[in-house]
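We're numbering straight along the sequence, starting at 1. What you see is a predicted model; the values in this text were computed from it and never measured.
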Amino acid sequence: MTPTAPLFLLLLLGLIGAQATFDQYMAAAMAKGQCKTRPMDLVFIIDSSRSVRPSEFEQVKVFLTKVIDGLDVSPSATRVGVVNYASRVKNEVSLKTHQSKTALVKAVSKIDPLSTGTMTGLAIQYALNVAFSEKEGARVKSSDVSKVAIIVTDGRPQDNVKEVAQRARDAGIEIFAIGVGRVDKPTLRQMASEPLDDHVDYVESYSVIEKLTTKFQEAFCEEPQDLCATGDHDCQQVCISTKASYKCGCKDGFTLMDDGRSCSACSNSAIDLVFVIDGSKSVRPENFELVKKWINQIIDKLDVSEKNTHVGLVQYSSTVKSEFPLGRYNNKKDLKDAVKRMEYMERGTMTGLAIYHIVNHDFTVLQGARPGVQKIAIVFTDGRSQDYIGDAAKKAKQFGLKMYAVGVGNALESELKQIASEPVEEHYFYTADFKAMSQIAKKLNINVCDDPCECDSLVKFQKKVDDALQALNKKYILYGE
């Protein structure tokens with residue numbers, strides 16, 4: 001699999017030399033600011049405990065640099081401080097120390113990990129008492145200057161955070177909590193300000209923390225510069241202004257390419273997509289409801305219409321049931337309502353039977369499949385199949401289906417690989433539990449297609465699935481556990 005460009009840059013940090021890569025990135029990151037940010041005293045509180053490897057800590061520093069790059073740094077606008085913590089706390093950068101982005105980024109590049117325990121509560125208390133004090137450069141509390149803390153952590157605190165975080169919030173500090181990997185997710189909710197949906201974020205690994213940069217650029221943006229109006233963009237056809245940046249679009253009859261800026265004359269963006277959902281008793285009712293929500297999150301992002309995306313739904317256990325065929329519903333509301341009505345079977349796990357069923361039934365013209373349209377099946381399972389899947393999967397691929405295998409919990413990776421289309425590593429995904437499904441999202445990217453128009457269509461589909469997985473994972477963090 002080939003990562004998208006922003007993720008690829010961060011993956012290189014762990015492969016090529018952390019500090020050298022950071023220094024190279026630092027110069028590029030300073031090239032262009034995007035908007036005027038609201039005046040604030042901003043303190044990063046970063047975990048550098050022993051669970052954070054040196055290369056990962058460098059990735060945190062890149063994230064800090066990118067956020068700083070989007071700020072209006074000056075004594076009268078935004079002041080930035082950095083608190084580094086493990087078993088002890090170190091004030092790396094005071095709010096009063098650096099008055100320019102260049103100086104700030106240089107200071108960030110010199111921060112070293114402390115590599116001991118994880119005293120997050122102690123770090124918050126330190127920020128409240130010291131980092132946000134007037135002595136260290138914080139301004140007198142007023143409605144004109146916000147007090148903001150961004151906490152980045154990947155572990156379970158060895159001290160209490162709930163009470164000290166509440167004291168910090170009571171003192172007027174707005175807290176954003178970013179969790180990485182095996183972070184204790186309830187702790188994130190205890191630290192963050194309300195609404196939690198805006199203040200809690202989770203990423204699967206430090207290699208993708210960079211993707212949160214845009215969120216903070218938009219959150220802190222006060223007077224955005226219209227980059228489309230100034231011509232400071234690289235869109236091939238259409239530039240669309242957003243709050244803190246821009247996005248590219250295409251004229252009618254063209255499709256936006258995977259690079260996010262180029263347009264293709266391909267006009268066939270139609271997809272026939274069938275979800276094949278495991279309804280066996282091992283899934284459990286509460287998780288089955290989560291899967292239904294996941295499906296609807298994807299539907300929200302699809303271009304469902306008579307001429308573009310058609311969606312079908314199959315549930316299987318000991319038997320197979322076509323919940324609804326392709327093309328029955330040509331609008332999102334009706335599709336989502338139909339998904340919600342799906343009743344949990346709660347029996348065995350006959351995955352091979354289900355795959356045979358979609359080939360012989362659901363992807364036939366009589367059931368709404370369209371000739372010449374790219375056909376995709378997503379098989380979702382949480383356990384070992386009770387029948388043989390090899391022949392069924394082979395037949396599906398010979399039939400022309402693009403097969404994705406998504407496994408959770410006790411699903412066997414060997415079976416997922418049998419189901420998945422080539423290249424296998426791009427078409428099968430596994431995660432340990434239903435609450436970590438966003439680990440799948442970073443892999444959903446197809447870069448090789450026999451037909452360029454088909455590739456356009458698939459890439460658009462994959463990006464929409466990625467967005468849906470991220471949104472659903474956030475809901476798990478906020479309300480799960």
Side-chain angles (χ1 to χ4, degrees), residues 10 13-14 18 22 42-64 67 80-94 108 110-132 148-169 171 173-193 196 199-210 212 216 432-433 435-436 438-439 473-474 476-478 480-481:
L10 291 177
L13 290 171
F22 183 88
L42 169 64
V43 175
F44 292 96
I45 304 174
I46 54 174
D47 177 356
S48 67
S49 56
R50 63 175 65 93
S51 62
V52 184
R53 293 190 290 265
S55 61
E56 294 173 333
F57 192 68
E58 294 301 317
Q59 290 162 353
V60 176
K61 288 156 63 174
V62 168
F63 167 66
L64 264 61
V67 175
V80 179
V82 181
V83 170
N84 183 13
Y85 79 93
S87 294
R88 61 188 180 91
V89 182
K90 184 178 180 182
N91 198 23
E92 300 282 2
V93 178
S94 294
V108 168
K110 295 180 178 180
I111 299 175
D112 294 321
L114 301 175
S115 301
T116 50
T118 311
M119 300 294 284
T120 309
L122 179 65
I124 297 172
Q125 186 67 60
Y126 182 91
L128 176 61
N129 294 343
V130 179
F132 280 106
V148 179
I150 299 177
I151 302 171
V152 182
T153 181
D154 80 334
R156 181 185 296 273
Q158 296 171 322
D159 56 357
N160 184 276
V161 301
K162 185 175 182 179
E163 293 180 0
V164 66
Q166 183 62 57
R167 288 197 297 272
R169 295 193 299 269
I173 300 173
E174 181 182 10
I175 300 178
F176 292 87
I178 300 174
V180 183
R182 296 184 178 181
V183 67
D184 182 55
K185 294 172 186 175
T187 297
L188 301 178
R189 300 193 293 271
Q190 291 176 3
M191 294 189 294
S193 296
L196 294 177
H199 292 85
V200 176
D201 287 283
Y202 171 79
V203 292
E204 306 82 29
S205 68
Y206 284 102
S207 66
V208 292
I209 194 171
E210 175 266 350
L212 296 177
F216 288 103
D433 60 69
K435 296 183 180 180
S438 71
Q439 294 176 8
N473 184 65
K474 185 167 211 177
Y476 292 150
I477 297 166
L478 297 177
E481 301 190 18

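Partners of A192 according to the side chain to side chain contact (heavy atoms under 4.5 Å, CB included) rule, which considers only residues two or more places apart in sequence or in another chain, are A177, L196, H199, V200. Taking the side chain to side chain donor-acceptor pair (under 3.5 Å) definition, one finds that D47 meets it with S49, T153, sequence neighbours left out. Residues satisfying the side chain to side chain contact (heavy atoms under 4.5 Å, CB included) test with V164, not counting sequence neighbours, are I124, Q125, R167. In this structure, D159 has no side chain to side chain donor-acceptor pair (under 3.5 Å) partners at least two apart in sequence or on a different chain. With sequence neighbours excluded, no residue forms a salt bridge (charged side-chain N to carboxylate O under 4.0 Å, His left out) with R88. Under the side chain to side chain contact (heavy atoms under 4.5 Å, CB included) criterion, A131 pairs with V43, V83, N91, A127, not counting sequence neighbours. Here R50 pairs with nothing under the side chain to side chain donor-acceptor pair (under 3.5 Å) rule; sequence neighbours left out. Taking the side chain to side chain donor-acceptor pair (under 3.5 Å) definition, one finds that R182 meets it with nothing, sequence neighbours left out.
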Step-by-step side-chain contact (heavy atoms from CB on, under 4.5 Å) determination, T187 to T120: CA-CA 10 Å; T187 297; T120 309; 5.7 Å; no
Worked verdict on F44 versus V60 for side-chain contact (heavy atoms from CB on, under 4.5 Å): CA-CA 11 Å; F44 292 96; V60 176; over 6 Å; no
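A distance of 11.5 Å separates CZ in R169 from CG in L128, rounded to the nearest 0.5 Å. For the atom pair CD1 of I46 and CZ of F57, the computed distance is 4.0 Å after rounding to the nearest 0.5 Å. Distance check, rounded to the nearest 0.5 Å: CZ of R156 to OG of S51 gives 12.5 Å. How far CD1 of I151 is from CD1 of I45: 4.5 Å, rounded to the nearest 0.5 Å. Note that CE of M119 is 10.5 Å distant from CG of N160, once rounded to the nearest 0.5 Å. Here CD1 of I175 is found 8.0 Å from CE of M191. Values are rounded to the nearest 0.5 Å.
Nearest heavy-atom pair across S207 and Q59 is N-OE1, 3.4 Å. When all heavy atoms are compared, the tightest approach of V180 to V152 is CG2-CG1, 4.4 Å.
T118 has its side chain within reach of Y85: a pair of non-hydrogen atoms, C-beta onward, lies under 4.5 Å apart.
Environment of CD in Q166: crowded, with over 12 heavy atoms of neighbouring residues, nucleotides or ligands closer than 6.0 Å.
Although no hydrogens or angles enter the test, the distance criterion places a donor-acceptor pair under 3.5 Å between the side chain of S48 and the main chain of L114. In this structure, the side chain of T116 engages the main chain of S87 through a donor-acceptor pair within 3.5 Å.
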